There are 2 protein chains.
Amino acid sequence: MLAVSLPRLKDRLLALARFGALPGGGVTRMCWSPPHEQARAWLLGELKTAGLTTWVDPAGNVFGGLGLPRVSIDAPVILTGSHIDTVPEGGILDGALGVIAGLECLHAIRESTTRPPRPLAVAAWSDEEGRYGSLFGSRAFCGRLDAAAIATMAAVDGDRLVDAMGRAGFDARRAPEAAAPRGSVAAYVELHIEQGARLEEAGLPIGVVDSIVGVRRTRVVFHGQADHAGTTPMERRRDAFLAAADYALKARDLVVGRGGGRAVTNVGVVHVHPGASNIVPGRAELVHEMRDPDPDVLERLARDCEALAGEVAAARGITVELRPLSATLPAPCAPRVQAAIEAACASLGLASQRLYSAAGHDAQNLAGVTDSGMIFIPSRGGRSHRVDEMSDWDAIERGANVLLHTLLRLAA
Amino acid sequence: MLAVSLPRLKDRLLALARFGALPGGGVTRMCWSPPHEQARAWLLGELKTAGLTTWVDPAGNVFGGLGLPRVSIDAPVILTGSHIDTVPEGGILDGALGVIAGLECLHAIRESTTRPPRPLAVAAWSDEEGRYGSLFGSRAFCGRLDAAAIATMAAVDGDRLVDAMGRAGFDARRAPEAAAPRGSVAAYVELHIEQGARLEEAGLPIGVVDSIVGVRRTRVVFHGQADHAGTTPMERRRDAFLAAADYALKARDLVVGRGGGRAVTNVGVVHVHPGASNIVPGRAELVHEMRDPDPDVLERLARDCEALAGEVAAARGITVELRPLSATLPAPCAPRVQAAIEAACASLGLASQRLYSAAGHDAQNLAGVTDSGMIFIPSRGGRSHRVDEMSDWDAIERGANVLLHTLLRLAA
């Protein structure tokens with residue numbers, strides 16, 4: 001039975017982990033940054049070494065093809081992939097696993113005598129983590145990019161997408177041209193770490209994703225009044241940071257209390273202006289994120305939080321402004337892909353369970369243009385988006401073999 | 001009766017306001033930054049134009065002398081001054097007024113037939129606003145600089161003092177050499193805007209400062225756990241930012257509730273790490289500032305806040321670390337200087353009242369080495385440390401004339 005090479009897979013994962021490596025472990029490799037662009041160049045070399053055809057589209061997505069020169073309607077492709085960008089101070093598997101395992105699957109097939117009837121390809125989607133725009137590359141590939149918004153897309157620190165892509169040699173305005181022809185992708189399946197603790201706690205090696213949560217991000221800006229922090233009487237201050245602090249604590253309680261058990265929320269970005277110890281904060285900005293697998297719950301929570309922000313600001317005599325940053329709809333996975341994963345597991349003697357993904361993934365964009373699905377493997381301690389994110393090497397090998405046999409079934 | 005020239009004073013204040021000017025008014029001119037260094041060069045030119053001798057000491061303090069080449073024990077000087085650095089997005093008078101009015105007083109005396117028995121000088125103290133270290137220049141001049149701490153002094157964004165001074169052409173390690181010989185300063189008086197609303201509300205043109213508040217700054221660092229903001233269950237998160245938010249709100253209530261009416265507090269610097277919307281904050285840093293004119297109250301509040309930080313962290317299963325950044329003791333002003341100011345007011349027919357300063361000032365360092373005092377003029381709406389900080393031009397003229405006649409009395 002065809003199988004991946006764990007030594008080769010491991011070597012490549014560790015080689016990729018060197019781009020943007022941090023002294024204490026983990027990586028910071030944000031899309032379009034120098035370490036990311038070096039990793040992209042390295043990946044193109046590995047894809048060629050594996051005997052695959054390679055191409056890069058105008059959204060910066062990198063492809064390696066087996067039996068095809070590029071995505072085309074003439075020979076609909078069975079696609080796998082993930083991403084090689086990371087969050088700041090992230091781990092070495094989030095995204096990297098799906099790309100390197102996909103490459104390994106195609107490498108193993110190419111070296112074998114197996115010749116699948118359909119062409120196969122592996123993709124590394126750009127900016128999955130959404131430094132400049134959530135799931136950017138797969139959104140472009142799936143024709144979901146709003147061309148008019150590209151000029152204003154920017155990172156939380158203000159760095160514009162057009163500048164970041166420009167520095168990496170891309171023209172952001174051309175990114176919508178990455179849209180694949182309708183019907184050119186026959187199916188999509190992505191291997192990823194779970195990033196939670198459900199599989200580990202259940203003692204199961206494989207998760208079959210049945211749906212992916214929607215994620216809403218909103219910039220919440222409190223406008224108070226900058227004043228001297230010594231001479232302004234306490235009762236006259238209109239402190240934007242204290243309002244932001246109040247909102248963050250209450251919004252957390254609101255989402256936990258009214259979210260029905262699956263909703264989660266986070267405030268991970270906070271900026272206080274002008275940012276001096278002796279000045280009362282005149283402006284405080286938060287990025288407030290919420291996730292739920294049910295679109296109605298997400299919509300209701302967003303309305304409740306907007307009302308809450310208004311109440312908090314009014315109670316403190318200041319104003320607040322909410323600017324939507326991104327909103328993805330929860331996405332169901334295709335029954336055909338789930339069935340193929342489960343059949344692959346059965347053929348390998350591996351138990352599995354269905355679960356929803358609490359993280360957003362490129363597979364949710366692919367779900368809009370083809371049958372899309374995901375394979376999860378356990379994360380040690382459920383840890384992810386941190387430098388000690390890891391999975392056991394035998395869990396990685398099992399996941400890669402499930403991906404291999406899922407691809408072969410879908411390509412049959 | 002000798003008087004300042006308001007047109008010349010106004011021209012120079014507006015000329016200085018151009019260095020680091022912001023499009024919507026106000027200035028950002030932080031010590032050692034390019035706009036500050038340009039302003040320093042301009043000031044040296046103006047001092048020379050006024051016929052004063054000039055020198056710059058190793059702490060970056062700029063002096064203009066009338067009747068002396070530099071500070072010396074042989075001819076104890078009557079000193080005035082303030083600072084030309086500003087907070088970010090600050091006003092055009094905080095500091096600048098005291099320097100430019102001091103220059104104008106010496107210019108007016110030099111042009112007159114008056115020859116005071118004692119030498120006079122005006123100083124622009126470096127980094128009063130404490131970007132790298134609170135009241136840095138006057139601390140160095142008064143021999144209060146901890147030489148061992150210089151290597152580690154840094155701005156809240158991590159920029160080190162040695163690097164900032166190096167870029168401006170100074171060697172930070174030599175700053176302690178700025179210490180003036182004991183007995184070389186006969187008295188110090190500083191003109192400043194009140195930065196509060198007490199004089200305006202009382203309808204009085206002049207405030208005679210009787211004491212200056214102490215200011216304590218502490219870096220409060222909450223250490224939680226960075227985690228994936230989608231997949232980590234809410235009840236397992238150890239969110240450092242929510243702890244910081246909780247602390248900021250409770251510390252404000254503690255200081256207001258237990259501070260005895262005069263204590264004020266501020267959290268003006270907030271940094272959240274790693275700073276991505278999809279990562280639970282693993283670390284959150286605040287700079288917590290407190291002020292009170294009573295050293296015992298300040299000490300008690302600092303202990304209470306430290307206990308509060310520990311309680312907040314423990315309740316959330318995380319840890320907290322408190323690092324003292326700076327602490328100035330409340331400083332009394334010299335009765336002799338207060339009397340000289342009041343006599344000057346009387347000779348000019350101006351009413352005055354005594355008040356304490358709710359802001360820290362270089363005069364508090366000078367109080368350790370000589371008779372030190374301050375003159376306040378009203379601030380419009382009590383506004384300061386903001387771009388619309390301003391005082392009426394006739395209030396500025398009155399304050400400068402009070403400074404002129406106070407200097408003449410002290411130098412008699």
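Below, each value reflects all heavy atoms present in this structure, side chains not excepted, and no hydrogens, waters or symmetry copies. Small disclaimer: the values here were computed from a predicted structure and weren't measured. Letters A, B, ... mirror the listed sequences (proteins, then strands); counts begin at 1.
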Problem - Selection from A/Ser357, A/Ser384, A/Ser277 maximising heavy-atom pairs under 4.5 Å formed with chain B - result: A/Ser277
Problem - Largest heavy-atom contact set with chain B, pairs under 4.5 Å, which of A/Ala155, A/Ala229, A/Gly130, A/Gly282 - result: A/Ala229
Relative to chain B, which segment of [X] carries a heavy atom at a distance below 4.5 Å: side chain, backbone, both, or neither?
X: A/Leu325; answer: neither
X: A/Arg131; answer: neither
X: A/Thr265; answer: both

For [X], which atoms come within 4.5 Å of any heavy atom of chain A: side chain, backbone, both, or neither?
X: B/Val280; value: both
X: B/Gln225; value: side chain
X: B/Arg198; value: neither
X: B/Ala263; value: backbone

Chain A contacts, top residue of [options] (heavy-atom pairs, under 4.5 Å):
options: B/Met234, B/Arg217, B/His273; result: B/Met234
options: B/Val270, B/Val272, B/Asp388, B/Val287; result: B/Val270
options: B/Ser379, B/Gly360, B/Ala226; result: B/Ala226
options: B/His271, B/Glu194, B/Arg236; result: B/Arg236

Practice task
Go through A/Val264 and B/Arg237 one step at a time and tell me if the side chain to side chain contact (heavy atoms under 4.5 Å, CB included) criterion holds.
Solution key: CA-CA 11 Å; A/Val264 294; B/Arg237 299 184 183 198; 3.5 Å; yes
Should [X] and [Y] count as side-chain neighbours, where that means a heavy-atom distance under 4.5 Å?
X: B/Asp227; Y: A/Arg386; value: yes
X: A/Phe241; Y: B/Val269; value: no
X: B/His385; Y: A/Thr231; value: no
X: A/Asp239; Y: B/Asn266; value: yes

On a heavy-atom basis, which atom in [X] and which in [Y] lie closest, and how many Å separate them?
X: B/Pro281; Y: A/Val267; answer: CG-O, 3.2 Å
X: A/Ala245; Y: B/Ala245; answer: CB-CB, 3.5 Å
X: B/Gly230; Y: A/Ala358; answer: O-CB, 3.2 Å

Problem - Reported CD-to-OG1 distance for the pair B/Gln195 and A/Thr232, which is rounded to 0.5 angstrom - result: 9.0 Å
Exercise for the section: Kindly indicate, with the supporting measurements, whether the criterion salt bridge (Lys or Arg N to Asp or Glu O under 4.0 Å) is fulfilled by A/Arg252 and B/Glu235. Expected result: CA-CA 11 Å; A/Arg252 192 250 178 220; B/Glu235 70 281 4; over 6 Å; no
Problem - Steps toward side chain to side chain contact (heavy atoms under 4.5 Å, CB included) verdict (A/Asp246, B/Leu249) - result: CA-CA 7 Å; A/Asp246 196 11; B/Leu249 291 164; 4.3 Å; yes
Practice task
Verify whether one side chain among B/Glu289 and A/Asn278 offers a donor that lies under 3.5 Å from an acceptor in the other.
Solution key: no
